[in-house]
2 protein chains.
Amino acid sequence: MPQRGKRATIREVAKATGLSPAAVSYALRGVQTSEETQERVRRAAAELGYEAHPIARALASGRSGMVGLLCGSLEDYWQQSLAVGIGRALLARDRYALILDAAGDPEREIALARQLRDQRVDGLIVQPLDPAAPFWAELAEALPVVSIGDSLRGGHAQGEVVFDNRRGVTLALEHLHGLGHRRIAVLTPTRASTPDRPADVHVHAEAERLGIEASVITAPQGLAEATELARALLRAPDRPSAVFCFSDSIAYGVYAATRELGLDIPGDISVAGYDNYPMSSLLSPPLTTVDWDIDNIVHAAVRVVLGAIDEKPYRRRTVTAPTLEVRASTGPP
Amino acid sequence: MPQRGKRATIREVAKATGLSPAAVSYALRGVQTSEETQERVRRAAAELGYEAHPIARALASGRSGMVGLLCGSLEDYWQQSLAVGIGRALLARDRYALILDAAGDPEREIALARQLRDQRVDGLIVQPLDPAAPFWAELAEALPVVSIGDSLRGGHAQGEVVFDNRRGVTLALEHLHGLGHRRIAVLTPTRASTPDRPADVHVHAEAERLGIEASVITAPQGLAEATELARALLRAPDRPSAVFCFSDSIAYGVYAATRELGLDIPGDISVAGYDNYPMSSLLSPPLTTVDWDIDNIVHAAVRVVLGAIDEKPYRRRTVTAPTLEVRASTGPP
DNA sequence: CCGATTCACTGAAGCGATTCACTGATGCGG
DNA sequence: CCGCATCAGTGAATCGCTTCAGTGAATCGG
């Protein structure tokens with residue numbers, strides 16, 4: 001046990017001030033002590049270079065000050081942005097985010113969730129790969145759990161921030177319809193890579209309402225695969241006049257395919273995306289896409305998890321509404 | 001103190017097996033005990049649903065199992081990739097990464113470094129905003145510190161992974177020179193946003209060697225600012241035939257400016273970047289840029305920090321060589 | 001002026017592991 | 001058959017802080 005850098009303990013501060021360790025503990029947290037004593041303690045602590053030992057504190061108090069953040073796959077830029085935002089928001093509230101990455105594997109996701117519980121994080125924010133896993137219910141009994149994107153099975157979670165995907169679909173389809181598109185291909189990711197989009201159903205409903213002929217196609221994971229799919233789609237004689245991609249990453253595949261085939265966006269084909277990846281505005285042409293207010297999602301999730309931890313009231317369910325970021329990749333057919 | 005989910009302790013396992021807590025502790029870690037006892041303990045532990053309490057363990061043993069990762073600014077996609085990689089690499093070695101984000105503020109960087117030390121992480125990987133801060137030396141005395149990108153002041157760090165920026169400059173300039181460019185603008189980021197590039201000096205040396213007329217310009221932070229700078233540069237009557245940007249994000253600004261001005265890349269102007277941001281291959285045209293082997297950097301950093309923690313031998317200094325990713329944004333003048 | 005509160009603080013008991021210094025066995029060479 | 005390691009396991013101390021129950025003094029309403 002290498003003991004580099006011995007640090008002052010609370011006992012030494014107690015000795016220095018002539019108080020009991022308990023009094024020092026209280027004073028440092030500003031409870032149950034007079035202003036004067038607090039000041040005296042703070043001074044002595046500063047002089048001795050005392051800093052509370054978070055691990056000892058965690059053991060004694062039963063709270064670690066850490067919130068787990070379990071991401072489905074951090075390859076995803078959108079999830080990266082979310083993780084960065086949550087990390088900052090927690091830091092601003094004097095807590096740490098312990099970020100774990102399931103790398104797209106639902107089994108690993110559960111294993112990591114278990115590790116996080118054993119690690120005694122105070123709460124957990126999860127963007128579940130598999131919202132139906134039975135383990136979530138068990139987990140939510142041990143600590144506050146907040147899900148982002150999907151409701152967890154059984155509704156045992158302490159909170160959730162969900163997306164109004166129906167609205168997202170409506171925004172995109174109405175936009176394309178308004179431009180005059182009537183034959184649209186909808187490319188959706190496979191289940192494993194992205195939270196469920198029950199909105200698929202909604203696509204058909206909205207298409208019918210608007211009088212659009214929509215064909216829904218599942219795109220395999222990976223840029224190369226998406227490109228290949230798009231290539232086939234664009235080569236077909238009866239190619240649609242617009243493509244609505246249920247994830248910006250799929251749209252990137254479409255871009256690649258159009259470049260190969262020498263087609264122009266939006267001249268030959270309009271492309272709309274979903275999720276507004278940070279680089280989507282940099283493409284040429286910049287991608288029209290459905291945008292979520294990440295800050296809002298971050299703060300809702302953090303508020304809920306901290307509320308549950310501190311046993312203060314909070315809103316259990318937040319539904320985020322998207323907006324459509326209209327850029328240059330869509331135009332009249 | 002809400003006590004949800006009481007869990008079994010080592011004492012209960014001891015009682016169940018008729019051993020002392022100490023014996024159980026040893027058995028669980030597979031030391032100083034017979035195979036037979038270990039098996040018996042493991043079985044009892046499983047039956048009771050016992051899981052070691054990491055916080056208690058950390059307090060008693062003095063090691064937390066966590067490695068701090070202090071990033072200069074997680075807005076930067078390159079640093080995001082690095083963080084994701086390091087997080088995964090540590091997880092694969094049964095450790096957690098505690099990722100903190102200085103958000104570009106050198107003072108906050110030091111404050112967070114201090115917090116990480118007080119948090120008793122076992123080691124620290126830092127991509128320093130301010131490698132000259134005196135605090136690094138103090139920190140390195142308390143725990144193993146590994147820097148990525150820049151050497152820390154005084155060379156007290158236990159290890160470092162640095163970039164061969166001279167080589168990067170040479171690669172880019174030779175490429176442009178080979179295509180026939182003789183008048184090149186070099187756009188470098190301000191010091192605060194990116195690790196120091198002492199390579200600026202090297203730019204002049206290499207330019208001279210190759211017979212290139214290079215003008216070095218400092219670009220302010222932010223896409224809009226970079227775009228503005230590029231606009232001015234491209235409008236000038238004596239505009240250079242190529243731009244070498246010392247960060248892909250600056251190149252994005254140049255792209256935006258060319259689009260505005262109706263210029264063609266690489267027809268009217270060649271653009272080369274630095275760092276190969278993940279989206280740079282998606283731009284049109286895909287950006288020619290200097291690429292670093294992130295995996296290599298990740299593993300070097302992780303090897304060093306874990307080596308120092310476990311007091312095993314390791315290589316103190318790793319120099320990463322870049323390669324040039326030649327794509328479609330550069331061509332003959 | 002009294003009993004009840006409130007206030008500031010103390011002492012001691014944990015929190016749940018690890019680790020050090022020992023203690024009996026057991027093994028083994030000579 | 002002795003003396004010396006070696007091995008498996010024990011007890012108790014410890015890590016540094018929080019928290020509970022309690023104590024004496026000051027405060028207060030009536």
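Lettering follows sequence order; numbering is per chain, from 1.
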Salt-bridge criterion met for D310(A) and R95(A) (N-O under 4.0 Å):
yes
* Phosphate oxygens OP1/OP2 of dT19(D): is one of them under 4.0 Å from a side-chain N or O of S25(A)? -> no
In whole angstroms, the gap separating C1' of dA17(C) from CD of E12(B) amounts to 13 Å
Heavy-atom nearest nucleotide on DNA chain C taken for Y26(B) and for A52(B); more 5' hit belongs to A52(B)
Counting the atoms with a prime plus P, OP1 and OP2 as sugar-phosphate, which does A58(B) contact under 4.0 Å by heavy atoms, base, sugar-phosphate, or nothing? nothing
- Query: Taking NZ, NE, NH1 and NH2 as the nitrogens, is one of them in R43(B) or E39(B) under 4.0 Å from a carboxylate oxygen of the other?
  - Reply: yes
From CZ of R57(B) across to P of dC15(C) the rounded distance in Å is 18 Å
Would one find a side-chain N or O of S34(B) under 4.0 angstrom from OP1 or OP2 of dC7(D)?
-> no
Should R120(A) be listed as having a side-chain N or O under 4.0 Å from OP1 or OP2 of dG16(C)?
no
OP1 or OP2 of dT10(C) under 4.0 Å from side-chain N/O of S20(A) | yes
Does R29(B) reach the main-chain N or O of S25(B) with its side chain, forming a donor-acceptor pair under 3.5 Å? yes
The residue, I55(B) or Q32(B), whose nearest nucleotide of DNA chain C is more 5′ is I55(B)
Would you find a donor on one side and an acceptor on the other, under 3.5 Å apart, between the side chain of R63(B) and the backbone of R57(B)? no
